[in-house]
Chemist: 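Before we start, here is the structure in question, set down as structure tokens.
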Amino acid sequence: MLDEIVVCLLARGHAFESIAAFTLVSHQFRQTALRRYYATLCVTSSAHWVRTCKIKGTSKWVRSLKGSTTFFRYKMDGLSQFMALGTLELDFSGDGLSTQGNRVTLLFKNMTADLTWMKLTNLPRIDCALLILVASRFPTLRTLELSCTERLDERCCWLCFEESSTCCVHSPIPDTYPTAESLATNFCNALVPLKRLESLYLGIFLSPADVLVNHVQRCTASIFASPGGELLYLLPPFGPNMCTLCYSQHAEVTREKERSVEALFKASLPSLLSVGFSSWFPVARREQECSS
């Protein structure tokens, strides 16, 4: 009954104010409320993380942990205390290509190996080294989501969009892997230890890197000089997914490649039920076009 009351209170908003009065009733009420409140821990800063580690009992209550990787740089060994952890979501936006490897190694070394759900976002790159580390450290994973394409910045201008594309490996073909089949083979070999993996999402584009490079170059050619000498772009930045020319040239080939790679993953990893990738040309748009 107490658990249900706390769940109802937290349903209004996962804030301590929702259960503050409840925790003052008795020791039993307080323990019940805190256990439910800390079942999901969203770390908002380094100071928040350090303070949380000092709260007695927290490590036993947390089942789901979310935060930026940079928040755990202080008292990183505190992660090893969270033995009941089942799900993990980490944001790597504070890391770059040169720091990702060390950060991942240090974080995973202090994590419980019993995770069943993992999501890593804003990764600078997704490669075999990362997949091998994940698969060897967390063999009980059922869901794995890794993504780096959200690092592409379309919020500002074309220059920022182009620069952000050089700070992550969003399209590893053909520079890192010569073909999509080669990528699939290498990635599947790295993930073999994950015997229970059912859902896999890889946030990389299977289309060639030149698709984005050529798109940006073509679009940024449409500029003019203002009277003050500042270069102004005629259109705000947008990806190949919103470009009619890119769509007509690459959509069908890319979708066929995605279907082929999905089949290779499912054939190599028998437990796998679903596979997904980032795509400039998602099937959803094609279905929308057909229906209209």
Chemist: Taking the side chain as every heavy atom from C-beta outward, state whether Leu90 and Met118 have any pair of such atoms under 4.5 Å apart.
Modeler: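 No; the side chains remain at least 4.5 Å from each other.
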Chemist: Is any side-chain heavy atom of Pro240 less than 4.5 Å from a side-chain heavy atom of Leu212?
Modeler: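 They are in contact (side-chain heavy atoms under 4.5 Å apart), so the answer is yes.
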Chemist: Starting from Val50 and following side-chain heavy-atom contacts under 4.5 Å between hydrophobic residues (I, L, V, M, F, W, Y), which residues can be reached?
Modeler: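 In the cluster with Val50 are Tyr74.
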Chemist: Starting from the C-alpha separation in whole Å, work towards a yes-or-no answer on side-chain contact (heavy atoms from CB on, under 4.5 Å) for Leu183 and Ile204.
Modeler: CA-CA 11 Å; Leu183 179 147; Ile204 51 176; 4.0 Å; yes
Chemist: List the atom of Ser278, the atom of Gly203, and the distance in Å for their closest heavy-atom pair.
Modeler: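 For Ser278 and Gly203, the tightest heavy-atom pair comes out as OG-CA, 3.2 Å.
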Chemist: Let me check something: do Val192 and Leu133 share a hydrophobic cluster, defined by ILVMFWY side-chain heavy atoms less than 4.5 Å apart, either directly or through other members?
Modeler: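 Result: no, two separate clusters.
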Chemist: How about Asp91 and Asn122: does a side-chain donor come under 3.5 Å of a side-chain acceptor?
Modeler: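 Yes, a side-chain donor-acceptor pair sits under 3.5 Å.
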Chemist: Give me the other members of the hydrophobic cluster that Val169 sits in, counting Ile, Leu, Val, Met, Phe, Trp and Tyr linked by side-chain heavy atoms under 4.5 Å, directly or via other members.
Modeler: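 Direct or chained contacts put Val169 with Leu97.
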Chemist: Under 4.5 Å between side-chain heavy atoms, hopping through other hydrophobics if needed: is there a path connecting Leu123 to Val275?
Modeler: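 Yes, because Leu123 and Val275 connect within a single hydrophobic cluster, where side-chain heavy atoms sit under 4.5 Å apart.
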Chemist: So which heavy atom on Asn241 is nearest to which on Trp280, and how close?
Modeler: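 For Asn241 versus Trp280, the nearest heavy atoms are CB-O, 2.8 Å.
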Chemist: Looking at every heavy atom in both Leu115 and Leu85, which two are closest together, and how far apart are they?
Modeler: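 Result for this residue pair: CD2-O, 3.7 Å.
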Chemist: Would you check if Arg151 and Pro124 make a side-chain contact, meaning some heavy-atom pair closer than 4.5 Å?
Modeler: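 Counting from C-beta outward, Arg151 and Pro124 do come under 4.5 Å.
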Chemist: With rounding to the nearest 0.5 Å, note down the distance linking OG1 in Thr112 to CG in Leu79.
Modeler: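 Rounded to the nearest 0.5 Å, the OG1-CG separation comes to 11.0 Å.
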Chemist: I'd like to check Val211 versus Thr254 (side-chain heavy atoms, cut-off strictly below 4.5 Å). Are they in contact?
Modeler: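 In short, these two side chains do not touch, never coming nearer than 4.5 Å.
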Chemist: At what distance, to the nearest 0.5 angstrom, does CD of Glu181 lie from NZ of Lys257?
Modeler: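 Rounded to the nearest 0.5 Å, the CD-NZ separation comes to 8.0 Å.
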Chemist: Would you sort out whether Arg103 and Thr70 count as a side-chain contact (heavy atoms from CB on, under 4.5 Å), showing the intermediate values?
Modeler: CA-CA 9 Å; Arg103 183 83 68 183; Thr70 57; 4.0 Å; yes
Chemist: Using 0.5 Å steps for rounding, measure from the CG atom of Leu131 to the CG atom of Leu144.
Modeler: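 One gets 7.5 Å once the value is rounded to the nearest 0.5 Å.
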Chemist: Can you give me the closest heavy-atom contact between Pro174 and Ala209, atom names plus distance?
Modeler: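 For Pro174 and Ala209, the tightest heavy-atom pair comes out as CD-N, 4.2 Å.
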Chemist: Are Ile132 and Leu191 connected in a single hydrophobic cluster, I mean Ile/Leu/Val/Met/Phe/Trp/Tyr linked by side-chain heavy atoms less than 4.5 Å apart?
Modeler: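 No, Leu191 does not connect to Ile132 through the hydrophobic network.
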Chemist: Going from OG on Ser199 to CG on Leu272, what distance comes out if it is rounded to the nearest 0.5 angstrom?
Modeler: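 Interatomic distance, Ser199 OG to Leu272 CG, rounded to 0.5 Å: 7.5 Å.
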Chemist: Checking His215 side chain against Phe238 main chain: does a donor-acceptor pair fall under 3.5 Å?
Modeler: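 Such a contact is found between His215 side chain and Phe238 backbone.
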Chemist: Which pairs, with at least one residue in residues 125-146 and sequence neighbours excluded, count as a side chain to side chain donor-acceptor pair (under 3.5 Å)?
Modeler: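 For residues 125-146: Arg125-Asp127, Arg142-Glu198.
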Chemist: Tell me whether Val213 shares a hydrophobic cluster with Leu245, the cluster being built from Ile, Leu, Val, Met, Phe, Trp, Tyr side chains joined at under 4.5 Å.
Modeler: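 Per the 4.5 Å side-chain linkage, Val213 and Leu245 are not co-clustered.
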Chemist: When rounded to the nearest 0.5 angstrom, what distance separates CG in Leu197 from OG1 in Thr116?
Modeler: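 With rounding to 0.5 Å, CG (Leu197) is 11.5 Å from OG1 (Thr116).
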Chemist: So Phe265 and Leu202, do their side chains get closer than 4.5 Å, heavy atoms only?
Modeler: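 Touching, per the 4.5 Å side-chain cut-off.
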Chemist: Could you pull out the closest heavy-atom pair between Glu154 and Pro237, with the gap in Å?
Modeler: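 Nearest pair, atom of Glu154 first, then Pro237: O-CG, 3.4 Å.
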Chemist: Taking it one step at a time, do Thr87 and Arg63 satisfy side-chain contact (heavy atoms from CB on, under 4.5 Å)?
Modeler: CA-CA 7 Å; Thr87 67; Arg63 299 292 186 273; over 6 Å; no
Chemist: State which residues pass ring-ring contact (aromatic ring centres under 6.0 Å, His included) with Phe71; sequence neighbours excluded, sorted by chain then number.
Modeler: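 For Phe71, no residue satisfies ring-ring contact (aromatic ring centres under 6.0 Å, His included) once neighbours in sequence are set aside.
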Chemist: Quick check: closest heavy atoms across Phe92 and Val104, and the distance to 0.1 Å?
Modeler: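 That would be CE2-CG2, 3.5 Å.
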Chemist: Under the side chain to side chain donor-acceptor pair (under 3.5 Å) rule, what pairs show up with a residue in residues 258-271, not counting sequence neighbours?
Modeler: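 Counting only pairs at least two positions apart or across chains, the side chain to side chain donor-acceptor pair (under 3.5 Å) contacts touching residues 258-271 are Glu256-Arg259, Glu258-Ser279, Glu262-Lys266.
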Chemist: When you measure from the side chain of Thr220 to the backbone N and O of Val216, does any donor-acceptor pair fall under 3.5 Å?
Modeler: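 Pair found, side chain donor or acceptor close to backbone of Val216.
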Chemist: Run the side-chain contact (heavy atoms from CB on, under 4.5 Å) test on Val261 and Phe187 for me, step by step, so that the C-alpha distance in whole Å, both residues' side-chain angles and the decisive distance to 0.1 Å come before the verdict.
Modeler: CA-CA 11 Å; Val261 170; Phe187 280 16; over 6 Å; no
Chemist: To the closest 0.5 Å, what do you measure between OG (Ser274) and OH (Tyr201)?
Modeler: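 If I round to the nearest 0.5 Å, the distance is 12.0 Å.
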Chemist: Which residue pairs pass the side chain to side chain donor-acceptor pair (under 3.5 Å) test when at least one of the two sits in residues 159-178, sequence neighbours left out?
Modeler: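 Not a single pair qualifies under side chain to side chain donor-acceptor pair (under 3.5 Å).
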Chemist: Main chain of Lys75, side chain of Trp49: is a donor-acceptor contact present, judged purely on distance under 3.5 Å?
Modeler: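 Checking the backbone N and O of Lys75 against the side chain of Trp49, a donor-acceptor pair under 3.5 Å is found.
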Chemist: ring-ring contact (aromatic ring centres under 6.0 Å, His included) for Trp61 and Phe82? Distances and angles first, verdict last.
Modeler: CA-CA 8 Å; Trp61 298 327; Phe82 291 75; over 10 Å; no
Chemist: Would Trp117 end up clustered with Phe138 when hydrophobic side chains under 4.5 Å apart are linked, directly or stepwise?
Modeler: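 They do not share one cluster, since no chain of ILVMFWY contacts under 4.5 Å joins Trp117 to Phe138.
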Chemist: Is there a side-chain contact between Thr58 and Arg51, using heavy atoms and a 4.5 Å cut-off?
Modeler: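 Of all side-chain heavy-atom pairs linking Arg51 with Thr58, none is under 4.5 Å.
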